[in-house]
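Note that the coordinates shown come from a computational prediction; the quantities given were computed from them, not determined experimentally.
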Amino acid sequence: MITKEAVFRAVADAWWERKPKIVEFVNKHLTVEGARIFTPEHTYFAEHFPRWFGNVIGNCPVLEPRAYMIGNMYVEEVDDPTIHDTHHGSMVTFGAGLGMTREQVLHHVPSIPMRMGIHYWANISRTRPWLEGFAAVGSLELTNHGELASRYGEIALNSRKKWEPLGLDSKYLVHWEAADAADPGEGGHADETVRIIVKYAKTDEECRRVLEGVRESINVFRFIYDNIAERAIAAGKK
C-alpha cells in the first residue's frame with residue numbers, strides 16, 4: 001500500500017532534495033529577459049499537459065479517476081473558473097506583460113530537451129497501465145504542492161508571489177493567480193493526484209512501479225527546466 005508520505009518522498013527525492021535550477025532562477029535571478037526565455041517554453045508544456053491525461057483516460061476503466069482527469073482538462077483547456085481563460089492562454093497574457101507578442105509565445109520553437117520531454121510523457125501516458133501513466137503525469141503538479149515546498153523552506157514555484165518581483169501589472173499575473181487556486185492547497189489538483197494514487201495502487205508491484213514512475217517523470221521535468229533556467233539566468237546577465 002502507498003501512503004501520501006511515500007508519494008511526497010518520491011517527489012522530494014527527485015525535486016526538492018537537490019534544489020532545482022529553475023527555483024534558483026526565480027528566487028535569485030528573476031528578470032524580464034529571463035522570463036522571456038521561460039514563458040514560451042512553459043506555454044508549450046502547458047499546451048501539451050492536458051493531452052497526456054486524455055491518453056490516460058483512454059486506458060482507464062475506472063470512472064472516478066476519469067472524471068477527475070476530465071475536470072482537470074476542462075480547467076486547463078476550456079475555462080479556469082478563477083480567471084475565465086485557459087492555462088496556455090493565461091501564459092500568453094503573462095508574455096504580453098513581458099513585452100512579447102502572441103506569436104512569439106505560441107509559435108515558439110521549443111528546445112530539444114522540451115521536445116524530448118513532450119515525447120516522453122506522450123509515450124508513457126499511452127503505453128503504460130493507466131495508474132502508472134496517471135502517476136507520471138499527475139505527479140508533475142506535486143512539484144507545486146505548498147505543504148511539500150514548505151518543508152524545504154520554499155513556496156510553490158507557480159505561486160503569484162514568486163513572479164510579482166518582475167513588477168508587472170496584476171492583469172498580467174492571472175496565470176499564477178489561477179495556479180494559486182488550483183494546485184498548492186488542500187483539495188487542489190496535487191492532492192487529488194495523491195488521493196487517487198493511494199486509493200488505486202493495491203499490489204506491492206503496482207506501488208513499486210508507480211513510485212518509480214513518479215521519480216522518473218519528475219527527473220525528466222527537472223532536466224528540462226534546469227536547461228530553461230540556465231538559459232534564463234544567462235539572458236538576464238547580458
Side-chain angles (χ1 to χ4, degrees), residues 15 20-54 72-73 75-80 82-122 125 137 140-141 143-144 156-180 182-183 217-238:
W15 189 251
K21 198 81 171 177
I22 192 69
V23 173
E24 179 187 337
F25 161 64
V26 177
N27 283 354
K28 298 179 180 180
H29 306 283
L30 185 61
T31 61
V32 168
E33 293 77 13
R36 287 175 182 159
I37 300 294
F38 165 85
T39 297
E41 292 276 356
H42 189 61
T43 304
Y44 189 81
F45 172 85
E47 183 182 357
H48 284 78
F49 178 85
R51 304 182 197 182
W52 306 325
F53 271 154
N72 190 315
M73 291 171 67
V75 169
E76 294 268 357
E77 295 255 73
V78 181
D79 179 59
D80 186 313
T82 302
I83 59 174
H84 295 296
D85 197 354
T86 65
H87 283 193
H88 60 278
S90 58
M91 280 301 297
V92 173
T93 300
F94 182 58
L98 300 170
M100 303 180 76
T101 67
R102 182 178 181 85
E103 289 70 27
Q104 284 176 313
V105 177
L106 290 180
H107 298 161
H108 169 74
V109 178
S111 64
I112 294 298
M114 179 61 78
R115 278 185 272 179
M116 291 170 66
I118 296 302
H119 287 298
Y120 164 81
W121 286 301
S125 60
V137 175
L140 298 174
E141 294 185 308
T143 59
N144 289 310
L157 188 63
N158 66 353
S159 170
R160 176 172 167 154
K161 290 180 182 178
K162 288 284 195 181
W163 302 92
E164 286 176 342
L166 287 169
L168 306 184
D169 189 283
S170 60
K171 69 183 180 181
Y172 296 117
L173 298 174
V174 291
H175 181 84
W176 312 113
E177 179 183 341
D180 273 339
D183 291 331
S217 179
I218 292 179
N219 273 312
V220 172
F221 186 73
R222 181 195 183 100
F223 175 78
I224 295 166
Y225 279 79
D226 278 357
N227 173 270
I228 294 169
E230 288 172 359
R231 292 184 286 121
I233 291 170
K237 292 179 178 178
K238 288 183 179 178

Separation of Thr43 OG1 from His108 NE2 (nearest 0.5 Å): 9.0 Å
Note, Ile22 side chain near Phe38 side chain (heavy atom, < 4.5 Å): yes
Within-4.5 Å side-chain heavy-atom neighbours: Trp163 and Leu168: no
Side chain Arg222, main chain Trp15, donor-acceptor under 3.5 Å: yes
Min side-chain heavy-atom separation Leu173-Leu166 under 4.5 Å: no
Aromatic plane relationship, His42 with His175 - under 30° parallel, 30 to 60° tilted, over 60° perpendicular: perpendicular
Contact check, side chains of Asn227 and Ser111, non-hydrogen atoms, under 4.5 Å: yes
CZ (Phe223) with more than 12 external heavy atoms under 6.0 Å: no
Non-hydrogen side-chain atoms of Glu141 and Asn72 separated by less than 4.5 Å: yes
CD-CZ distance between Gln104 and Arg36, expressed to the nearest 0.5 angstrom: 8.0 Å
Interatomic distance, Trp52 atom CH2 to Leu140 atom CG [nearest 0.5 angstrom]: 7.0 Å
Least distance between heavy atoms, Val105 atom then Gly95 atom: CG2-CA, 4.2 Å
CZ (Arg115) with more than 12 external heavy atoms under 6.0 Å: yes
Step-by-step side chain to side chain donor-acceptor pair (under 3.5 Å) determination, Lys162 to Asn27: CA-CA 7 Å; Lys162 288 284 195 181; Asn27 283 354; 2.4 Å; yes
Ring-ring centroid check Trp121 Phe45, cutoff 6.0 Å: yes
Point-to-point distance, once rounded to the nearest 0.5 Å, from CD1 of Ile228 to CD1 of Ile233: 12.0 Å
Separation between OG1 of Thr93 and CG of Asp169, rounded to the nearest 0.5 Å: 11.5 Å
Aromatic ring pairing Phe49/Phe53, orientation class (parallel under 30°, perpendicular over 60°, tilted between): perpendicular
Pair Lys161 + Glu164, salt bridge at N-O below 4.0 Å: no
Main-chain N/O of Ala156 paired to Asn144 side chain as donor or acceptor, under 3.5 Å: no
Side chain proximity check, Glu230 to Tyr225, heavy atoms < 4.5 angstrom: no
Min side-chain heavy-atom separation Thr143-Leu157 under 4.5 Å: no
Non-hydrogen side-chain atoms of Arg160 and Ser170 separated by less than 4.5 Å: yes
